[in-house]
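In what follows, chains are A, B, ... by sequence order, proteins preceding strands, each numbered from 1.
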There are 2 protein chains.
Amino acid sequence: MKKVTINSVASHAGVSKKTVSRVLNNEPNVSAATREKVLAVFKELDYTPNPIARGLAQNRSFIIGCLYDNPSKSYITRVQTGALAACQENNYNLLIHPCEYRGEALISNVEQLLQTSRLDGIVLTPPFGDFPELVEFLTAKKIPFARVASAILQDESISVRSNDEQGAFEITEHLISLGHKSIAFIKGHPDHSATQQRFKGYRRALANHNIEFDERLVEEGNFSYHSGVDSARSILDLSPRPTAVFASNDYMAAAVLKLATQRQLRVPDDISIAGFDNAPIARHIWPGLTTIAQPVEEMTKLAVTQLINHITEPQEQPFQITLESRLITRESTARVNP
Amino acid sequence: MKKVTINSVASHAGVSKKTVSRVLNNEPNVSAATREKVLAVFKELDYTPNPIARGLAQNRSFIIGCLYDNPSKSYITRVQTGALAACQENNYNLLIHPCEYRGEALISNVEQLLQTSRLDGIVLTPPFGDFPELVEFLTAKKIPFARVASAILQDESISVRSNDEQGAFEITEHLISLGHKSIAFIKGHPDHSATQQRFKGYRRALANHNIEFDERLVEEGNFSYHSGVDSARSILDLSPRPTAVFASNDYMAAAVLKLATQRQLRVPDDISIAGFDNAPIARHIWPGLTTIAQPVEEMTKLAVTQLINHITEPQEQPFQITLESRLITRESTARVNP
DNA sequence: TTTGACTGTGACACCGGTGTCATAATATTT
DNA sequence: AAATATTATGACACCGGTGTCACAGTCAAA
């Protein structure tokens, strides 16, 4: 019942620690016979290397940190799912670090995180990938990082995003194709680059059909359900009332739906509602929300996989990639009532 | 820009490593003058100890693992929030480990987790706290653990739960007080002890008012939204249709609400719906769900705090505690229509 | 047969802390 | 003042791995 270490394996197999280490790491220059012998002892003693000792020797922790501050819990869950998938495939662990700081405090908070846990790399989820000070700080400290769903940077960092502008364009086009001309828009959190992108897509679709942009139809949200309620109130109070609302995420869209229903409006007959993200809530409510499905899990998994590759093989060229999103139509949008 | 280690601090301060270590750990037997001097060097060199090295020496990782397999994502989010709060207060990190295995495979999966990450302790969230083989395994391996929302065991382990039976009793009483006599019930996942507890509370309330228990009104769910849809279908097809439905969690209740609305039933006029947990969705939909609020974050925080205390001071007596839940009435329940 | 290149192996230092123990310095008791 | 107890400090081994380098053995080329 004693602890099995590299030393016990070495003495059992009658070889040196270093040779055991070579077998462990699949290093060359070990004869087939020796390798067999050591592997047999691994089995016999049920040996597994101590990752902490390994970490100390190599100055690695085998831990990836995930930094987030997002009002949408389901988004975080999806990010975690993707990150975990990548970690498990590579024998890494995932440390989660919610963080609400900004500016100076953010930097020192992250600095402390790095000092107390010696992360091998860090995933920046929205909005952190869009904070230049943070990106510069990590670059200066030589901490590998990957950005998820952030704006494109003209550098060599790892970044995986989806095409928010195009998604917003398509869903707005969808509404327009149903005859809507007065389409309200609820913006997301101003810190998130997706917020600008989605707004741009909305405006491009309007322009594409020569629908005049009307500033009164635009509300400032922050991706939270609560902000959706506030925005919905303003929008539903407008006169004339818009025939459709496009909210920058599904939580806010759900808020619009709730308020509209509370006010005895029929959705989609009296007003169409569209969201973004394809969060679980989009199909948990009635009517189901028309929305844009983003491959959040896939994006994060790709980002973390690349991050781990980069940690193990720093010479490999990192790449930035943009995944496609797709329109999902449900019951919350319909042809405008004449 | 060199790395600052305990050695550099020691030579800078003109003392031995060990003395620096003493200052670091607030050990006694260091003169005030020496302590001052060392602390000054800490500041000057901006020193922070390497947790990996410390971990190797003490055979600790400063990491708590959180084991989960729960169809309700929002529940996990809340668990994480509570666990993180406790970890941050104690300079621990949280490693998340979703795991869908059962029986033998579960044990070997957890064994591997422990081997590859040397967790200092582990939080068992539902349903894992109710798996005797797992509890025995961890006890045998002497891995400290805490159970959240699991059944009471007659031992000295750490456990924090809420009173599911009482909560279910109260919400059923609430429905009965509104005149309902035909109340359908949707069970949760059979692996979760809460499932039995909530069912017991439901039956106790019925018995309390001499309402005969009718097996046809009971559906097997598993806490997922999808299972709620299936159960809802059976229930709404019953004739006569029950006047109320009590689902064992809010996701399943939301599914009932969606299906009922889809079928043109008015909630709560035609049918009352009650849930459990007070998940975000309970207030994101219309009508809002009457439900039982459980202090999930608080429970988990308490459990993890106690777990960390137990790791640091193993002599302290662990305790089991049951927190209270409370009824939240919203729009989804109303007096039965005569 | 000698030379040089290459393969397989182990000794040993090192990563950055902590634990043990001996000893020097100081305080207390007799 | 001497004997004893207490406090402060450092030397050194240790945690369990990896990196460096020296060296013996093997094999092909000269």
Side-chain angles (χ1 to χ4, degrees), chain A residues 2-39 41-42 45-63 91 114-120 311-312 314, chain B residues 2-39 41-42 45-63 91 114-120 311-312 314:
Chain A
K2 279 199 58 205
K3 257 185 298 185
V4 180
T5 73
I6 200 171
N7 289 301
S8 33
V9 172
S11 61
H12 244 78
V15 298
S16 70
K17 285 169 74 168
K18 182 62 215 189
T19 300
V20 177
S21 169
R22 287 195 180 94
V23 175
L24 264 180
N25 296 285
N26 279 313
E27 285 176 29
N29 299 338
V30 181
S31 72
T34 310
R35 172 161 277 134
E36 289 295 308
K37 195 167 53 182
V38 173
L39 288 174
V41 178
F42 282 176
L45 301 185
D46 195 22
Y47 169 73
T48 41
N50 181 331
I52 298 186
R54 187 181 266 188
L56 177 60
Q58 300 185 141
N59 196 25
R60 299 172 59 181
S61 62
F62 297 92
I63 296 175
N91 289 313
L114 293 171
Q115 281 165 349
T116 61
S117 56
R118 307 275 155 157
L119 302 175
D120 284 354
I311 291 164
T312 356
Chain B
K2 278 199 61 206
K3 257 185 298 187
V4 180
T5 73
I6 200 171
N7 290 299
S8 32
V9 172
S11 62
H12 244 78
V15 298
S16 71
K17 285 168 74 168
K18 183 62 216 190
T19 299
V20 177
S21 169
R22 287 196 180 92
V23 174
L24 263 181
N25 297 285
N26 278 312
E27 286 175 29
N29 300 338
V30 180
S31 72
T34 310
R35 173 161 276 134
E36 289 296 309
K37 194 167 54 181
V38 173
L39 287 173
V41 178
F42 282 176
L45 301 185
D46 193 22
Y47 170 72
T48 41
N50 181 333
I52 298 185
R54 185 181 268 187
L56 177 61
Q58 300 187 141
N59 197 24
R60 299 173 59 181
S61 62
F62 297 93
I63 295 176
N91 289 314
L114 294 171
Q115 282 164 348
T116 61
S117 56
R118 309 276 156 157
L119 301 176
D120 284 353
I311 290 165
T312 357

Open item on the list: Counting primed atoms plus P, OP1 and OP2 as sugar-phosphate and everything else as base, spell out the protein contacts along nucleotides 18-25 of chain D at 4.0 Å heavy-atom distance: B, S or - for each nucleotide, 5' to 3'.
Closed with: BBBB----
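- Minimum heavy-atom separation, B:K3 to B:S8: O-OG, 4.1 Å.
- Between D:dT7 and B:N29, no contact under 4.0 Å exists linking OP1 or OP2 to a side-chain N or O.
- In terms of heavy-atom proximity, A:A13 sits nearest to A:V38 at CB-CG2, 4.4 Å.
- In this structure, the CZ atom of A:R60 is 16 Å from the C1' atom of D:dG16, given to the nearest Å.
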Open item on the list: A:I63 vs A:D120, test: side chain to side chain contact (heavy atoms under 4.5 Å, CB included). Steps then yes/no.
Closed with: CA-CA 6 Å; A:I63 296 175; A:D120 284 354; over 6 Å; no
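- Side-chain N/O atoms of A:T34 include none lying less than 4.0 angstrom from OP1 or OP2 on C:dG8.
- Judged by distance alone, the side chain of B:S61 and the main-chain N or O of B:R118 form a donor-acceptor pair under 3.5 Å.
- Each of A:V4 and B:G14 was assigned the nucleotide of DNA chain D with the nearest heavy atom; the assignment lying further toward the 5' end belongs to B:G14.
- Going from atom CG of A:N59 over to atom C1' of C:dG16 covers 10 Å, rounded to whole Å.
- A distance of 10.0 Å separates CD of B:E27 from OG1 of B:T19, quoted to the nearest 0.5 Å.
- Nucleotides of DNA chain D nearest to B:L56 and B:P28 differ in position, and the one nearer the 5' end is that of B:P28.
- In this structure, A:V20 and A:F42 have side chains that are in contact, with non-hydrogen atoms separated by less than 4.5 Å.
- If you take CZ of B:R118 and P of D:dG16, they are 8 Å apart, rounded to a whole angstrom.
- A close approach under 4.0 Å does occur between a side-chain nitrogen or oxygen of B:T19 and OP1 or OP2 of D:dG10.
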